Amino acid sequence: MRPTGPPTAKEIWTIARRTTNIIESHITSDVCLFGSAACALWAHIERTPNDIDILVSNEWEQLDPEDIKETIVREDDRYFLEPSRIPGATYNKLYCRLPGWTVEDRCVKVDILVAPTGKLRLPDILSSDVEIINDIPVMPIFVLLVLKTQGWRDHRKSPRADLRAKEDDDVSDICALLESAEEENVSYDEEAYKHSQQFMDRALGLARSFINLHGMRPQWRALDFPV
């Protein structure tokens, strides 16, 4: 019987691994998984991610995410591009076909983002900084926690109902990441040596915003956040 329905966790990890392998082989070794899929590898999260977010960095030259997507499609015909449906948008969306594609159009969206440009202000993550989990290069947990908290803030303030609907999942992910970060002995003070003062100030401001609405001050303090 052909697979049906949304992607399984195994399919998500397979495509994350396949995508990062293509980028490492043909573009740069500075690549990592982030977003909800990375959260699910770092922490105990019951729901299965439904898409994949990949961050590509390069401290020597500015990479174009559209070029990266085209390279992936050229190297593996299971990937394909579709124009964005947003009026005026000039970028393409990248998808990877899943088993059962011919019957149900099963596929997974793969977002490719390039650091450090863009409104998300994503930091450069070099290959020497990533964690390898399940044979996948994954964003370090401190940076992932900061970006997930930034996503929570942006979603709850969004005028789009579909983004505001993600807030409960964001809060759940942040709580799980806080627990895992404590287990990993993450320290705000030690992270300050790895990141810019601007990034650390942003991390602290986001933590305070989260505490104001959802509490959990002891969990942030356990990571040496001065809150």
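Everything numeric here is computed off the predicted structure, so don't read it as measured data.
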Do L98 and I15 pass the side chain to side chain contact (heavy atoms under 4.5 Å, CB included) test, and can you show the C-alpha distance, the side-chain angles, and the key distance before you say yes or no? CA-CA 9 Å; L98 294 172; I15 295 172; 3.3 Å; yes

Kindly indicate, with the supporting measurements, whether the criterion side chain to side chain contact (heavy atoms under 4.5 Å, CB included) is fulfilled by H44 and E46. CA-CA 6 Å; H44 178 67; E46 294 185 359; 4.0 Å; yes

Worked check of side chain to side chain contact (heavy atoms under 4.5 Å, CB included) between R97 and R106: CA-CA 6 Å; R97 296 177 179 88; R106 292 186 78 235; over 6 Å; no

Any chance you could lay out the side chain to side chain contact (heavy atoms under 4.5 Å, CB included) test for Y188 and L204, step after step, and finish with the verdict? CA-CA 9 Å; Y188 178 90; L204 181 57; 3.8 Å; yes

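Residues A115 and S57 share a closest heavy-atom pair of CB-OG, 3.7 Å. Between A40 and P49, the closest heavy-atom pair is CB-CG, 4.0 Å. Residues L144 and G35 come closest through the heavy atom pair CD1-N, 3.7 Å.
Atom-to-atom distance recorded for C96:SG and D51:CG is 13.0 Å, nearest 0.5 angstrom. If you take SG on C175 and CG on L177, they are separated by 9.5 Å, rounding to the nearest 0.5 Å. A distance of 10.0 Å separates CD of E191 from CD1 of I141, quoted to the nearest 0.5 Å. Expressed to the nearest 0.5 Å, how far CZ of R202 lies from CG of L206 amounts to 7.0 Å. Note: Y79 OH to I22 CD1 = 4.5 Å, rounded to the nearest 0.5 Å. Interatomic distance, CG of N185 versus CD of E190, reported as 8.5 Å (0.5 Å rounding).
For D30, the salt bridge (charged side-chain N to carboxylate O under 4.0 Å, His left out) criterion is met by no residue, not counting sequence neighbours. Applying the salt bridge (charged side-chain N to carboxylate O under 4.0 Å, His left out) rule to D162 yields the partners R160; only residues at least two apart in sequence or on another chain are considered. For A16, the side chain to side chain contact (heavy atoms under 4.5 Å, CB included) partners are L33, I52, I136, not counting sequence neighbours. With sequence neighbours excluded, the residues satisfying salt bridge (charged side-chain N to carboxylate O under 4.0 Å, His left out) with R78 are D76. Partners of E70 by salt bridge (charged side-chain N to carboxylate O under 4.0 Å, His left out), not counting sequence neighbours: none found. Here V130 pairs with C32, I125, I132, P137 under the side chain to side chain contact (heavy atoms under 4.5 Å, CB included) rule; sequence neighbours left out. Under the side chain to side chain contact (heavy atoms under 4.5 Å, CB included) criterion, N50 pairs with no residue, sequence neighbours left out. Listed by chain and residue number, T8, T14 satisfy the side chain to side chain contact (heavy atoms under 4.5 Å, CB included) test with K10 (two or more places apart in sequence, or in another chain).
Among residues at least two apart or in separate chains, there is no salt bridge (charged side-chain N to carboxylate O under 4.0 Å, His left out) pair with a member in residues 174-183. The side chain to side chain donor-acceptor pair (under 3.5 Å) analysis of residues 135-147, with sequence neighbours excluded, yields no pairs.
The shortest side-chain heavy-atom distance between V114 and D64 does not fall under the 4.5 Å cut-off. R74 places none of its side-chain heavy atoms less than 4.5 Å from the side chain of H26. Side-chain contact between E184 and W42 is present, with heavy atoms from C-beta onward closer than 4.5 Å. For the pair L178/M216, a side-chain contact is recorded, criterion being any heavy-atom separation below 4.5 Å from C-beta on. Contact check for N92 versus E82: no side-chain heavy atoms found under the 4.5 Å cut-off. Side-chain contact between V143 and L122: absent, with no pair of heavy atoms (C-beta onward) separated by less than 4.5 Å. Side-chain contact check for P99 versus E11: some heavy-atom pair is nearer than 4.5 Å. A heavy-atom distance below 4.5 Å is not found between the side chains of D111 and I54.
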Show which side-chain atoms of residues 218-227 pair as donor or acceptor with protein atoms under 3.5 Å away, not counting sequence neighbours.
{"from": "R221", "atom 1": "NE", "to": "V227", "atom 2": "O", "distance (Å)": "2.4"}
{"from": "R221", "atom 1": "NH2", "to": "V227", "atom 2": "O", "distance (Å)": "2.8"}
{"from": "D224", "atom 1": "OD2", "to": "S187", "atom 2": "OG", "distance (Å)": "2.7"}

Could you list the donor-acceptor pairs under 3.5 angstrom formed by side chains in residues 163-173, with sequence neighbours left out?
{"from": "R164", "atom 1": "NH1", "to": "S158", "atom 2": "O", "distance (Å)": "3.0"}
{"from": "R164", "atom 1": "NH1", "to": "P159", "atom 2": "O", "distance (Å)": "2.9"}
{"from": "E167", "atom 1": "OE2", "to": "W152", "atom 2": "NE1", "distance (Å)": "3.4"}
{"from": "D170", "atom 1": "OD2", "to": "H155", "atom 2": "ND1", "distance (Å)": "2.6"}
{"from": "D173", "atom 1": "OD1", "to": "R47", "atom 2": "NH1", "distance (Å)": "2.9"}
{"from": "D173", "atom 1": "OD1", "to": "R47", "atom 2": "NH2", "distance (Å)": "3.2"}
{"from": "D173", "atom 1": "OD2", "to": "R47", "atom 2": "NH2", "distance (Å)": "2.7"}
{"from": "D173", "atom 1": "OD2", "to": "K148", "atom 2": "NZ", "distance (Å)": "3.3"}

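Clustering ILVMFWY residues whenever any of their side-chain heavy atoms sit less than 4.5 angstrom apart, transitively, puts I45 in a cluster other than the one holding L145. Under the 4.5 Å side-chain heavy-atom criterion for ILVMFWY residues, no single connected hydrophobic cluster contains both I23 and L126.
No donor-acceptor pair under 3.5 Å is formed between the side chain of E131 and the backbone N or O of M139. With hydrogens and angles ignored, the 3.5 Å screen pairs no side-chain donor or acceptor of R156 with any backbone N or O of G151.
Using a cut-off of 4.0 Å between Lys/Arg side-chain N and Asp/Glu carboxylate O, K69 and D67 are scored as not salt-bridged.
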